[in-house]
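As structure tokens, the structure follows; a few thoughts come after it.
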Amino acid sequence: MGWGITGTMLSGIVVWGGVGLLLDRWWGTRFVALIGVLLGLTAAIYLVVVKYGAVPPPAGGDDSSDRDGPGPSRTQKG
């Protein structure tokens, strides 16, 4: 899983940074490569969160009484 995250991050930066660099050379500018790197980093972070961010549900079925505590909370009136 660590290599997948690392590869996704690096490929996003390299691909979109490369596109920005090519556009910089074509248009004669100097800032599009930085925008490409930032765009690639943002897209890579989004993809990592979507792909690896979900926590698997706990094993053992759907017994909600374990998660909610011993029972409903009761208050005293008076």
Side-chain angles (χ1 to χ4, degrees):
M1 185 164 83
W3 285 110
I5 292 172
T6 303
T8 301
M9 297 294 286
L10 287 176
S11 64
I13 292 170
V14 169
V15 168
W16 288 105
V19 168
L21 186 65
L22 290 175
L23 289 175
D24 268 344
R25 290 185 182 219
W26 184 32
W27 292 338
T29 59
R30 299 186 65 186
F31 63 91
V32 181
L34 177 62
I35 293 172
V37 167
L38 293 176
L39 179 67
L41 181 63
T42 304
I45 290 172
Y46 173 75
L47 289 174
V48 166
V49 168
V50 167
K51 188 172 182 181
Y52 299 104
V55 177
D62 189 25
D63 189 13
S64 62
S65 65
D66 293 339
R67 291 185 299 235
D68 296 337
S73 62
R74 303 199 188 272
T75 59
Q76 294 181 351
K77 295 182 180 179

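Numbers here are sequence positions counted from 1.
Here the CG atom belonging to L23 is positioned 9.5 Å from the CH2 atom belonging to W16, to the nearest 0.5 angstrom. In this structure, the separation between CD1 on I13 and OG1 on T42 is 9.5 Å, given to the nearest 0.5 Å. The CG atom of L47 sits 10.0 Å away from the CE atom of M9 when rounded to the nearest 0.5 Å. To the nearest 0.5 Å, the span separating OG1 on T8 from NZ on K51 amounts to 6.0 Å.
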Donor-acceptor pairs are to be reported for all side-chain atoms of residues 26-41 against protein atoms at under 3.5 Å, with residues two or more places apart or in another chain.
residue: T29; atom: OG1; partner: D24; partner atom: OD1; Å: 2.5

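Residues I45 and V48 fall within the same hydrophobic cluster, defined by Ile, Leu, Val, Met, Phe, Trp and Tyr side chains chained together at heavy-atom separations under 4.5 Å.
Across G12 and A44, no two heavy atoms sit closer than the pair CA-CB, 4.4 Å.
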